Amino acid sequence: MSIFDKLNPMQLEAVTTVSGPALVLAGAGSGKTRALTHRIAYLIEEGVNPWNILAITFTNKAADEMRERVDRLVKIGAESVWISTFHSMCVRILRRHIEYLGYSTDFTVYDSDDQRTLMRQVIKKLDKDPKQYRERGMLSIISGLKDKLISPEEYSATAAYDFRQRNYAEIYAEYQAQLKRNNALDFDDLIVKTVELFRAVPQVLENYQDRFQYIMVDEYQDTNAAQFALVSLLARRDRNLWVVGDDDQSIYKFRGADIENILNFEKVFPGAKVIRLEQNYRSTGNILKVANEVIAHNYGRKGKNLWTENGAGEPVEVCQFETAQDEASYIMKQVRKYVEEGGNYRDCVVLYRTNAQTRILEEMADRYIGQHYRTLGVNFYDRREIKDIIAYLRTICNGRDDLAVQRIINVPKRGIGATSLGRVSDYAELKGISLYDACCEAALVPGIGKAAGKIRGFVEQIEELRELAEEITIVDLIDEILSRTGYREYLMEEDDVQAESRLEYIGALKDKAAYYEGDTEDPSLSEFLEDIPLRSDQDNLDREEDKMLLMTLHSAKGLEFPIVFLAGMEDGLFPSSMSINSDDPEGAIEEERRLCYVGITRAEKRLVMTAARQRMVNGENRYSKLSRFIYEVPATLLNMQGTEGPSQRRREGNLSFGSVYDSGETGYRGKYSFQNGFGGGFSGKDSYSGRSDRYAENNSGWQNGGRKRSFGDRSWENSGDGYYPFGNDPWEKVFDLDKEKHEEVVRFGSKPVISKGSQIIDSGGAPDYGVGDRVTHVKFGEGTVLQLEKAARDYEVTVQFDTAGKKRMYAAFAKLKRV
DNA sequence: GGGCCTCAAGTTTTT
DNA sequence: CTTGAGGCCC
């Protein structure tokens with residue numbers, strides 16, 4: 001019995017395709033990684049030297065997992081197979097050969113934070129208006145250019161006649177020059193420079209072509225033009241390129257992933273064999289049907305039809321709640337129930353569109369399931385305290401790292417401000433030395449004055465630490481940094497609330513250092529620091545730990561869970577209003593739809609999609625309908641559960657609209673314009689004349705089936721009842737009366753709601769207290785109202801608090817209670 | 001130099 | 001609401 005006997009015919013076909021270009025279209029849960037690893041085993045069995053095999057993934061996690069599986073599958077020679085991410089592969093190549101491109105081999109890799117710092121300096125240096133040329137915008141333009149392998153020179157040539165583009169070109173060129181001056185590469189450069197190297201030095205390319213005769217690429221749908229060029233160069237000679245991907249799971253277009261790479265594979269590699277893996281082993285029949293229905297709404301697909309032999313399973317659940325809090329507590333209660341019935345926390349995951357949603361979910365998780373959850377959120381290495389400590393380590397390790405020095409020279413405060421730093425920096429540039437070296441001779445810097453002594457203090461600290469670093473472990477070195485520089489005290493003083501957790505994170509960094517030192521033959525600080533920019537939180541995801549996970553949909557790619565909650569299934573949130581209102585709504589929404597498909601197909605047994613009618617977004621209450629993606633699924637496939645308990649808000653009665661539209665229970669007369677982008681689903685042009693309650697019942701197939709309805713330019717037939725099955729949303733009643741001002745006060749029950757443009761702000765209305773009344777405030781305690789005046793959208797109240805002094809605030813936010 | 005204030009902005013992000 | 005950056009004043 002061979003390891004290949006368990007493969008299905010298509011998998012076997014994929015695995016035994018040894019030479020020539022091959023495109024494996026692998027649907028979600030169709031055994032993609034299995035095919036990949038088995039193919040490596042097969043190649044070796046067929047006599048291919050493991051040394052000649054290269055497998056490229058996007059994440060460290062995927063690479064680690066593949067490594068492990070190959071090791072298990074292949075007994076001899078597995079360790080010689082090169083399994084790596086695009087980026088770490090490029091780092092390895094560049095550390096050997098980058099001198100051809102005029103960099104030195106000990107280059108630093110800049111992470112996104114470093115990039116922003118550098119970009120800020122570039123914009124300042126070139127004296128560009130920071131309002132018009134924002135760091136983030138510039139970086140994304142440059143990243144987009146690099147993804148397409150467009151150099152500053154090439155871009156500059158095409159941008160000759162456009163003022164704005166000329167400025168972009170100038171910024172790009174300067175940014176690149178600064179990187180080079182710092183002997184640094186950003187993430188995109190890792191790929192770009194490797195391609196440059198291969199193009200510039202044929203013998204190096206040949207060297208790697210000899211080495212990598214069999215190339216495999218995972219998640220091929222996520223490659224960008226630069227990565228494609230890299231792979232093409234390597235595979236050009238032998239044409240043994242085997243790629244696996246799923247066009248329906250391409251969710252990184254916004255980062256330059258070019259779906260065309262997969263759609264055009266056969267054109268670029270004539271004679272390519274195309275193999276489809278369509279049997280899904282992961283999900284129940286119902287879940288798969290829902291996934292297929294949703295993704296069928298996309299155009300220009302390669303076309304796959306996923307099927308499964310698994311049972312139908314339970315229907316997919318859809319639950320809409322009044323608020324995001326209700327939604328979150330429902331999810332957590334469901335998890336708790338599942339565990340009480342014998343399940344494990346680790347079977348469950350909550351997926352959502354934006355990181356902003358984590359707060360409420362975590363709050364409710366704390367309340368209902370205690371510590372049995374973990375959030376994949378901000379990257380560990382992106383935390384401020386971790387970056388600070390790393391900057392110290394970087395400075396100790398290598399004095400030429402200007403960015404690191406800039407970060408810490410005044411953290412904790414040493415009285416070295418922007419002016420002094422600027423003087424030292426100018427001096428450094430003038431003399432062509434590094435910032436740190438300039439600090440070492442601070443006394444010579446013109447106009448430096450008293451700051452010289454302070455800078456000397458900093459240099460002495462670093463020098464001491466540098467000497468220590470020779471003798472002690474990295475773990476101890478971190479402790480020395482904390483105590484000698486006063487960083488620990490600095491954290492304590494800065495914010496006592498977060499200080500403790502920040503110190504815990506630093507503790508975690510020490511753990512990582514300890515692990516590295518224990519695990520490495522000849523540990524060195526520079527090696528420890530070297531690949532930190534290439535590491536992410538995802539790498540340490542521990543699925544063995546019995547904890548429920550919270551993460552964004554993007555982070556969930558490649559994972560699977562018995563029970564998946566898709567939270568925030570609201571139009572405007574998912575798909576995001578950004579996508580709905582983008583220049584290319586069709587394309588942007590298709591990408592969101594693929595993301596939805598990714599989310600749905602993570603589920604093995606149970607899928608619950610939840611939404612809130614009302615959610616705080618950017619401090620404002622936003623009302624939303626269910627996501628359009630839910631309406632793309634025939635209602636018969638879904639178990640619509642309505643809200644958990646009756647809606648308090650709806651019981652308050654109907655809205656009335658200022659003085660113009662004041663109505664009773666039945667609804668409103670007049671012309672209603674639904675706000676642009678608000679709540680999703682309707683564009684600014686959409687309007688309805690008549691009674692709003694009729695709108696809910698009769699217009700556009702709101703609640704009855706068989707009517708055509710549309711969102712923007714797209715329209716489709718309602719395939720049955722079940723649309724908007726949850727009664728009248730408060731949202732329905734909110735609209736924009738005054739188009740000039742885009743601002744109107746409407747009344748929602750007893751509570752006025754103010755709308756502004758496409759946003760809705762909750763307001764407290766007239767306070768139930770007056771001047772002279774005694775009131776309490778959650779934070780400030782008791783006090784006496786001194787003044788109360790009507791402001792533009794709210795009342796402004798001035799209170800003399802007994803202990804907290806005099807405060808002036810908005811009534812709606814102050815939430816004062818009469819005593 | 002640094003504290004305080006105001007203002008604007010705010011997706012997703014494997015590396 | 002939250003965060004960050006720049007402006008202003010001491």
Side-chain angles (χ1 to χ4, degrees), chain A residues 56-64 84-91 109-112 115-117 120 123-124 130-131 134-137 139-140 143 147 185-191 218-219 222-224 227 249 251-257 351-357 359-360 376-379 381-382 384 410 413-422 449-451 454 531-539 541 551-559 568 572-582 588 591-592 594-596 598-599 615-622 759 761-762 813:
Chain A
I56 311 174
T57 64
F58 277 82
T59 66
N60 294 308
K61 190 179 61 172
D64 293 347
S84 161
T85 66
F86 267 107
H87 295 266
S88 47
M89 174 180 90
C90 290
V91 169
V109 178
Y110 276 4
D111 67 13
S112 37
Q115 286 180 275
R116 281 179 60 186
T117 310
R120 195 164 39 236
I123 292 169
K124 196 167 268 174
K131 285 239 186 325
R134 295 178 196 283
E135 288 146 46
R136 288 183 61 165
L139 285 170
S140 90
S143 177
D147 287 343
L185 303 183
D186 64 20
F187 286 132
D188 299 318
D189 278 344
L190 294 175
I191 316 288
D218 189 17
E219 305 280 15
D222 289 333
T223 49
N224 60 35
Q227 288 158 338
Q249 292 189 63
I251 53 173
Y252 284 107
K253 196 178 161 202
F254 71 95
R255 291 167 55 129
L351 306 178
Y352 38 83
R353 182 64 179 79
T354 69
N355 276 315
Q357 291 165 253
R359 267 261 287 269
I360 291 170
L376 247 72
V378 187
N379 222 339
Y381 292 105
D382 286 340
R384 194 190 63 176
N410 204 28
K413 297 214 176 346
R414 296 187 175 88
I416 306 165
T419 316
S420 307
L421 188 59
K450 278 190 294 186
K454 296 168 182 168
D531 68 355
I532 277 182
L534 302 177
R535 294 257 140 216
S536 84
D537 243 16
Q538 316 276 327
D539 306 339
L541 190 87
M551 66 178 91
T552 63
L553 285 152
H554 282 88
S555 322
K557 200 168 72 163
L559 304 175
L573 183 63
F574 188 37
S576 73
S577 41
M578 290 257 196
S579 65
I580 297 168
N581 299 324
S582 74
E591 174 130 331
E592 299 270 305
R594 289 191 292 269
L595 191 56
C596 185
V598 167
R615 174 187 300 275
M616 278 292 237
V617 176
N618 301 342
E620 290 167 338
N621 240 344
R622 202 157 81 173
Q759 294 162 330
I761 306 162
D762 229 28
F813 293 107

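Note: hydrogens, waters and symmetry copies are ignored here, and every other heavy atom, side chains too, is used. Numbered from 1 within each chain, the chains take letters A, B, ... in sequence-line order. A quick note: this is a predicted structure, and the numbers were derived from the prediction, not measured.
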Can you check whether A:Asn379 has a side-chain N or O nearer than 4.0 Å to OP1 or OP2 of B:dT15? no
5′-ward residue of the pair A:His554/A:Ile416 relative to DNA chain B: A:Ile416
Take atom CG of A:Leu573 and atom C1' of B:dT11, then tell me their distance rounded to the nearest Å. 9 Å
I'd like to know if A:Arg353 reaches the base of B:dT12 with its side chain such that a donor and an acceptor end up less than 3.5 angstrom apart. yes
Of the listed nucleotides (B:dG10, B:dT15, B:dG1), which one gets closest to any side-chain atom of A:Thr419? B:dG1
So what does A:Arg134 hit on the nucleic acid, given a heavy-atom distance under 4.0 Å: a base, only sugar-phosphate, or nothing? sugar-phosphate
Closest-nucleotide mapping onto DNA chain B: is A:Glu591 or A:Leu421 further toward the 5' terminus? I mean the 5' end. A:Leu421
Between B:dT14 atom P and A:Leu595 atom CG, what is the distance in whole Å? 13 Å
SB check A:Glu591 A:Lys253 (cutoff 4.0 Å): no
Which heavy atom of A:Arg353 sits nearest to which heavy atom of A:Gln357, and what is that distance? N-OE1, 3.3 Å
At 4.0 Å (heavy atoms only), tell me whether A:Thr552 reaches a base, stays on the sugar-phosphate, or touches nothing. sugar-phosphate
Any base atoms under 4.0 Å from A:Ser112, or only sugar-phosphate, or nothing? Heavy atoms, all strands. nothing
Indicate, with a heavy-atom threshold strictly under 4.0 Å, whether A:Ala451 touches base, sugar-phosphate, or nothing. nothing
I want to check something: taking the side chain as every heavy atom from C-beta on, are A:Asp111 and A:Phe187 in contact at a cut-off of under 4.5 Å? yes
Separation of B:dT13 P from A:Arg535 CZ (nearest whole Å): 19 Å
Just call it for A:Asp111: base, sugar-phosphate, or nothing, with non-hydrogen atoms closer than 4.0 Å on any strand. nothing
Whole Å only: how far is the CZ atom of A:Arg594 from the C1' atom of B:dT11? 15 Å
Could you tell me whether the side chain of A:Asn410 and the main chain of A:Ile416 form a donor-acceptor pair under 3.5 Å? yes
Side chains of A:Ser88 and A:Thr85: do they bring a donor and an acceptor to under 3.5 Å? yes
To the nearest angstrom, how far is A:Asp189 atom CG from B:dT15 atom C1'? 13 Å
Have a look at A:Tyr252 and say if it touches a base, only the backbone sugar-phosphate, or nothing, with a 4.0 Å heavy-atom cut-off. base
Listed nucleotide nearest any side-chain atom of A:Arg255, set B:dG10, B:dT13, B:dT11: B:dT13
Below 3.5 Å is the cut-off: list the nitrogen or oxygen pairs between protein and nucleotides 8-10 of chain C, distance only.
none

At a cut-off of 3.5 Å, list every protein nitrogen or oxygen paired with a nitrogen or oxygen from nucleotides 2-6 of chain C, distance to 0.1 Å.
unit_1	atom_1	unit_2	atom_2	d
C:dT2	OP1	A:Arg359	NH2	3.1
C:dA5	OP1	A:Arg120	NH1	3.2

Quickly work out the A:Asn355 CG to B:dT14 C1' distance and round it to whole Å. 14 Å
Just call it for A:Lys131: base, sugar-phosphate, or nothing, with non-hydrogen atoms closer than 4.0 Å on any strand. nothing
Do A:Phe254 and the base of B:dT12 stack face to face, with centres under 5.5 Å apart and an angle between planes under 30°? yes
Rounded to whole Å, the CG-C1' distance (A:Asn224 to B:dT14) equals 12 Å
Identify whether any heavy atom of A:Glu592 sits under 4.0 Å from a base atom; if not, whether one sits that close to sugar-phosphate; answer base, sugar-phosphate or nothing. base
Rounded to the Å, how far apart are A:Tyr381 OH and B:dT15 C1'? 14 Å
N/O (side chain, A:Ser579) to phosphate O (OP1/OP2, B:dT11) under 4.0 Å: no
Can you sort out the partners of A:Ser576 under side chain to side chain donor-acceptor pair (under 3.5 Å), two or more places apart, ordered by chain and number? none
Where the side chain of A:Ser143 meets the backbone of A:Ser140, is there a donor-acceptor pair that is under 3.5 Å apart? no
Scan A:Thr57 against the nucleic acid and name what it touches under 4.0 Å (heavy atoms): base, sugar-phosphate only, or nothing. nothing
Smallest heavy-atom separation, A:Arg594 atom then A:Gln249 atom, equals CD-N, 4.4 Å
Phosphate contact (B:dG2 OP1 or OP2) by A:Asn410 side-chain N/O below 4.0 Å: yes
When you check the phosphate oxygens OP1 and OP2 of B:dT15, does a side-chain N or O of A:Asn60 lie under 4.0 Å from one of them? yes
Hey, what's the ring geometry for A:His554 with A:Tyr252, parallel, tilted or perpendicular (30° and 60° as the breaks)? tilted
Just by distance, with hydrogens left out, do A:Ser555 and A:Thr552 show a side-chain donor and acceptor under 3.5 Å apart? yes
Over all heavy atoms of both residues, which pair between A:Ile532 and A:Tyr381 is shortest? Give the atoms and the distance, please. CG2-CD2, 3.6 Å
